Structures are given as structure tokens and as C-alpha cells.
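Below: one structure, written as C-alpha cells.
Only heavy atoms go into these numbers, but all of them, side chains included; no hydrogens, no water, no symmetry mates. Given the structure is predicted, the values throughout are model-derived calculations rather than measurements.
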Amino acid sequence: MFNYPTLRLNDTGDDVKILQQILRILNLYPASITGSFDSTTKNAVENFQRANGLIATGIVNRETWEALISATTDKTRQIDNYPTITLNEEGEDVKVLQQMLKTTLYYDGKIDGIYDEQMQNVVKTFQVNNDIIATGIVDDYTWDTLLEAYSTLIDCNLTPGPDNDTDIYDIKISK
């Protein structure tokens, strides 16, 4: 279960990175994921709070976390019936894929909506690590497994390791 840490301006750390990633999925945070709760993060939190009927304090408390997690879960479920994604495709579905792979620590590139060879290799790594035939094609089974991995991170509050930590590729989902 997620521990709902209270976060505010000038806080730093992995919990702030998780917050920034969630805000990015919700298209509220356009900046880099830094792990530093700065004014851009605070503004994004306030905008989210206002849009969701919460008091806009800019402080992330349990109520705000619950609303963020709910909104993120809803957004990831809105994927257009699991679109199949293949090499050289572009668009919003690819951005969702990139953000989810970033949240699950498989991808550290730019969220640009382009499914190029780098993204294909990231997907193949994810597939291999989750006992899926590594085609690089994002099909229904790959989406299901990725959504489960993503939900596990949000629900269990898994703390990501430092950047470039090769252990991040050990995330494995049982089916």
C-alpha cells in the first residue's frame, strides 16, 4: 500500500519524482522529472487540486495522493482499446506508453510520442523481462503486463533506484 508522504515546496527525493511523473501523465507537468518540489511542481499540484475540487494548497497530502492515483489509473484505462503500436508510429498512445515505461523505470528518454528503434528496444527489454516474446510490438498482452507493472509501482510505493541502476530491469510481473 502506498504510504502517502506529505510533500511540499522544497522537498526532494524519489517520492517527488513519483509525484512529477503522475502529474506528467495527467498533462499537468511539462518540466523535467527532477525529484525537486519546485514552483513548477507546486503550480501543477495546485492546478490539479483546483480541477478536482480540493483546496489548492500546493501541498500533497493523503487526499491529494488518492485523487492523483485515481486520476492516473483512470487515464491509463482510457487507452483506446489497447492500440497495437509498431515501429515508426507516432501520437498520444505512444506518449502514454513512453510515460508508463518511464514510470516503471524502463525508459529514460524524452516523452515525444515517437516509437522509434530506441523505444522498440525498450519494449523488447520489457517483454523479455516479463516472459513475453520479444517482438517489439506493443500488443494487448504487452499493454496488460505494462499496466499491471505500472499499477504495482503506484500501489506498492516501490522506491526507484538511482538513475542508471541496472537492477531497475528486474521488475517482473506474474500472470
Side-chain angles (χ1 to χ4, degrees), residues 1-83 85 90-115 119 122 126 138 143-165 168 171 173:
M1 186 59 124
F2 193 69
N3 68 8
Y4 303 106
T6 299
L7 299 175
R8 57 180 45 90
L9 191 61
N10 298 321
D11 283 348
T12 59
D14 291 332
D15 290 326
V16 177
K17 284 183 181 180
I18 291 169
L19 169 67
Q20 290 170 332
Q21 290 169 342
I22 290 171
L23 291 168
R24 180 173 280 171
I25 288 170
L26 297 172
N27 296 318
L28 293 170
Y29 184 76
S32 297
I33 306 297
T34 62
S36 205
F37 198 123
D38 57 12
S39 60
T40 303
T41 306
K42 183 179 182 208
N43 290 339
V45 169
E46 288 173 342
N47 289 336
F48 174 82
Q49 289 170 325
R50 272 192 287 280
N52 288 276
L54 304 171
I55 298 170
T57 62
I59 297 171
V60 182
N61 57 14
R62 182 183 184 95
E63 183 180 25
T64 301
W65 275 117
E66 288 175 349
L68 283 163
I69 291 167
S70 176
T72 307
T73 302
D74 291 345
K75 178 147 178 118
T76 58
R77 286 187 185 141
Q78 291 173 6
I79 298 169
D80 300 332
N81 296 323
Y82 296 117
I85 298 176
E90 297 182 18
E92 289 303 311
D93 292 326
V94 177
K95 285 183 180 180
V96 171
L97 172 69
Q98 289 171 323
Q99 188 58 55
M100 291 177 73
L101 286 166
K102 191 168 218 163
T103 300
T104 56
L105 305 175
Y106 278 88
Y107 178 64
D108 63 0
K110 183 177 177 185
I111 307 298
D112 59 8
I114 300 170
Y115 192 81
M119 278 303 307
V122 168
F126 177 83
V138 184
W143 276 115
D144 283 341
T145 306
L146 180 58
L147 283 166
E148 192 171 336
Y150 175 82
S151 297
T152 300
L153 283 173
I154 295 301
D155 292 343
C156 296
N157 190 26
L158 296 179
T159 304
D163 293 345
N164 301 321
D165 181 354
I168 63 174
I171 298 170
I173 303 302

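- Looking at every heavy atom in both residues, Val94 comes nearest to Tyr115 through CG1-N, 3.7 Å.
- With contacts defined as side-chain heavy-atom distances shorter than 4.5 Å, the pair Ile59/Leu7 does not qualify.
- Looking at Met100 and Val96, their side chains come closer than 4.5 Å, going by heavy atoms from C-beta outward.
- Residue pairs meeting the salt bridge (Lys or Arg N to Asp or Glu O under 4.0 Å) criterion with at least one member in residues 45-61, sequence neighbours excluded, are Lys42-Glu46.
- Distance check, rounded to the nearest 0.5 Å: OG1 of Thr104 to NZ of Lys102 gives 11.5 Å.
- Here Asn10 pairs with nothing under the side-chain hydrogen bond (donor to acceptor under 3.5 Å, both in side chains) rule; sequence neighbours left out.
- Atom CD1 of Ile55 has 12 or fewer neighbouring heavy atoms from other residues, nucleotides or ligands inside a 6.0 Å radius.
- The line from CG of Asn47 to CG of Leu26 is 12.0 Å long, rounded to the nearest 0.5 Å.
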Evaluate the criterion side-chain contact (heavy atoms from CB on, under 4.5 Å) for residue pair Met119 and Ile114; output intermediate values, then yes/no.
-> CA-CA 8 Å; Met119 278 303 307; Ile114 300 170; over 6 Å; no
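- Going from atom CD of Gln49 over to atom CG of Leu28 covers 11.0 Å, rounded to the nearest 0.5 Å.
- Counting only distance, with no hydrogens or angles, the side chain of Gln98 and the backbone of Tyr107 share no donor-acceptor pair below 3.5 Å.
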Take Arg8 and Thr6 through the test side-chain contact (heavy atoms from CB on, under 4.5 Å) and record every step on the way to the result.
-> CA-CA 7 Å; Arg8 57 180 45 90; Thr6 299; 3.8 Å; yes
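- Smallest separation of non-hydrogen atoms from Leu54 and Ala67: CD1-CB, 4.0 Å.
- A donor-acceptor contact shorter than 3.5 Å is absent between the side chain of Lys17 and the backbone of Ile33.
- Side-chain contact between Ile85 and Trp143: present, with at least one pair of heavy atoms (C-beta onward) separated by less than 4.5 Å.
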Show the numbers, then the answer: is there a side-chain contact (heavy atoms from CB on, under 4.5 Å) between Val60 and Leu68?
-> CA-CA 9 Å; Val60 182; Leu68 283 163; 4.3 Å; yes
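- Listed by chain and number, the residues in a side-chain hydrogen bond (donor to acceptor under 3.5 Å, both in side chains) with Thr34 are Gln20 (sequence neighbours excluded).
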Where do Ile18 and Thr103 land on the side-chain contact (heavy atoms from CB on, under 4.5 Å) test, with the steps shown first?
-> CA-CA 8 Å; Ile18 291 169; Thr103 300; over 6 Å; no
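- Annotation for Leu23 and Ala44: closest pair CD1-CB, 3.9 Å, computed over non-hydrogen atoms.
- Take Asn61 and apply the side-chain hydrogen bond (donor to acceptor under 3.5 Å, both in side chains) test, not counting sequence neighbours, and it matches Thr64.
- Pairs passing the salt bridge (Lys or Arg N to Asp or Glu O under 4.0 Å) check and including a residue from residues 21-41, sequence neighbours excluded, do not occur.
- Distance check, rounded to the nearest 0.5 Å: CG of Asp15 to CH2 of Trp65 gives 6.0 Å.
- A search for salt bridge (charged side-chain N to carboxylate O under 4.0 Å, His left out) contacts involving Glu90 returns nothing, not counting sequence neighbours.
- Annotation: side chain of Thr12 is not in contact with side chain of Phe37 (no heavy-atom distance under 4.5 Å).
- Partners of Ala31 by side chain to side chain contact (heavy atoms under 4.5 Å, CB included), not counting sequence neighbours, listed by chain and number: Tyr29, Thr40.
- Partners of Glu63 under the side-chain hydrogen bond (donor to acceptor under 3.5 Å, both in side chains) rule, at least two apart in sequence or in another chain, do not exist in this structure.
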